[in-house]
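No hydrogens, no waters, no symmetry mates; every other heavy atom, side chains included, goes into these values. Just follow the structure's listing: the first ligand is 1, and inside any ligand the first atom is 1. The chain is numbered in sequence order, starting from 1.
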Amino acid sequence: MQFENYIRDIQGFPKEGILFKDITPLLNNPEARTNCLKVLLHSLKNQKIDKVVGAESRGFFFGMLLAQELNAGFVPVRKPKKLPFDRISASYELEYGFDSLEMHTDAIKKGDRVLIHDDVLATGGTAKAVCELVEKLGGEIVQCNFLMELTFLNGREKIQEYPVFAALTY
Ligand code: AMP
C-alpha cells in the first residue's frame with residue numbers, strides 16, 4: 001500500500017501557478033491512512049510526546065490521529081477569531097501581506113514535549129508561526145512533521161532549529 005498514490009495533484013488551485021496537493025483521497029482510504037500514520041509515528045522513534053499541535057485546517061486530520069496513537073493531547077492552532085478562550089497569536093508573511101494564527105493560552109504547559117503537525121510544508125511561514133506559539137507558552141518542540149514537503153520552496157530553512165520530518169518530498 002503506497003499512500004503517496006492517494007495524494008492527488010490539482011493544477012491551478014486555488015489559483016494559477018499552484019500545484020495543489022489534495023489529501024482527500026488519502027483521508028478517504030483507511031488502509032492508506034494507516035500506512036501514512038505508521039510512517040509518521042516511526043519517525044518519532046518512541047519519543048514521549050505530551051501535546052500534538054495541528055495547524056488549521058488540514059493539520060487537524062492526521063494531527064488528531066497522531067495524538068490518539070501517542071496518547072497525547074491535541075491542540076488546534078486556528079485562524080483569528082475562531083478560538084473562544086484566552087488566546088496568544090503569531091503573525092506570518094503571505095505572498096501579499098500578513099496573516100496570523102492563534103492558540104489557547106492554556107493549551108500547552110511549560111516543559112510540555114510538543115509535536116507540530118501539518119499536511120504540507122511549503123514556504124514554512126505557517127510552521128514557523130506555530131513554533132512561535134508553542135515556545136511562547138514554554139513548550140519544547142520535539143519535531144515538526146508533515147505529510148509532505150515541497151522542497152523547492154525551502155520551508156525547512158525557516159524552521160531549521162527544530163527536527164523536521166516529511167513522509168513524502170516533492
Ligand atoms: P507555508 O506556510 O507556505 O509553508 O504553507 C503551508 C500551508 O499552506 C499548509 O497549511 C498547507 O495546507 C497549505 N499549502 C501550501 N502549499 C500547498 C499546496 N501546494 N498544496 C496543498 N496545500 C498547500
Undergrad: Output yes when a protein non-hydrogen atom is found under 4.0 Å of atom 20 (N) of ligand 1, and no otherwise.
TA: yes
Undergrad: Where do P25 and D22 come nearest, in terms of heavy atoms and distance?
TA: CD-O, 3.5 Å
Undergrad: Between K51 and F74, is any pair of side-chain heavy atoms under 4.5 Å apart?
TA: no
Undergrad: Check ligand 1 against T126 and write out every atom of the ligand that is under 4.0 Å from a heavy-atom position of the residue.
TA: 1 (P), 2 (O), 5 (O), 6 (C), 7 (C)
Undergrad: Looking at ligand 1, does any of its N/O atoms fall within less than 3.5 Å of an N/O of A122?
TA: yes
Undergrad: Which bit of D119 is near ligand 1, meaning a heavy atom under 4.0 Å away: side chain, backbone, both or neither?
TA: side chain
Undergrad: As a check for students: among T123, I18, D99, identify the option with a heavy atom nearest to atom 1 (P) of ligand 1.
TA: T123
Undergrad: One thing to verify: whether K79 and E56 come together as a salt bridge, which I'm taking to mean a side-chain N less than 4.0 angstrom from a carboxylate O.
TA: no
Undergrad: Taking heavy atoms and a distance under 4.0 Å, where does D118 meet ligand 1: side chain, backbone, both or neither?
TA: side chain
Undergrad: Is a salt bridge present between K21 and D9, judged by a nitrogen-to-oxygen distance below 4.0 Å?
TA: yes
Undergrad: Applying the side-chain contact (heavy atoms from CB on, under 4.5 Å) criterion to L121, which one of L150, N154, V164, T126 satisfies it?
TA: V164
Undergrad: Would you mind running through ligand 1 and noting each atom that sits below 4.0 Å from a heavy atom of G125?
TA: 2 (O), 4 (O)
Undergrad: Mind checking whether I116 and N145 have side chains closer than 4.5 Å, heavy atoms only?
TA: no
Undergrad: Determine whether the side chain, the backbone, both or neither of R58 has a heavy atom under 4.0 Å from any heavy atom of ligand 1.
TA: side chain
Undergrad: Please identify which atoms of ligand 1 are closer than 4.0 Å to at least one heavy atom of L19.
TA: 18 (C), 19 (N)
Undergrad: For atom 17 (C) of ligand 1, what's the nearest protein heavy-atom neighbour? Residue, atom name and distance, please.
TA: V120 CG1, 4.0 Å
Undergrad: Quick check: closest heavy atoms across Y170 and T151, and the distance to 0.1 Å?
TA: O-OG1, 2.7 Å
Undergrad: Does any N or O of ligand 1 fall below 3.5 Å from an N or O anywhere on K21, backbone included?
TA: yes
Undergrad: Would you call R78 and E102 a salt bridge, taking side-chain N to carboxylate O under 4.0 Å as the test?
TA: no
Undergrad: Measure the distances from the heavy atoms of G124 to every atom of ligand 1 and state whether one is below 4.0 angstrom.
TA: yes
Undergrad: For the residue pair L40 and A167, what are the closest heavy atoms and their distance?
TA: CD2-CB, 4.1 Å
Undergrad: Under 4.0 Å, heavy-atom basis, I'd like to know which part of L150 is in contact with ligand 1: side chain, backbone, both or neither.
TA: side chain
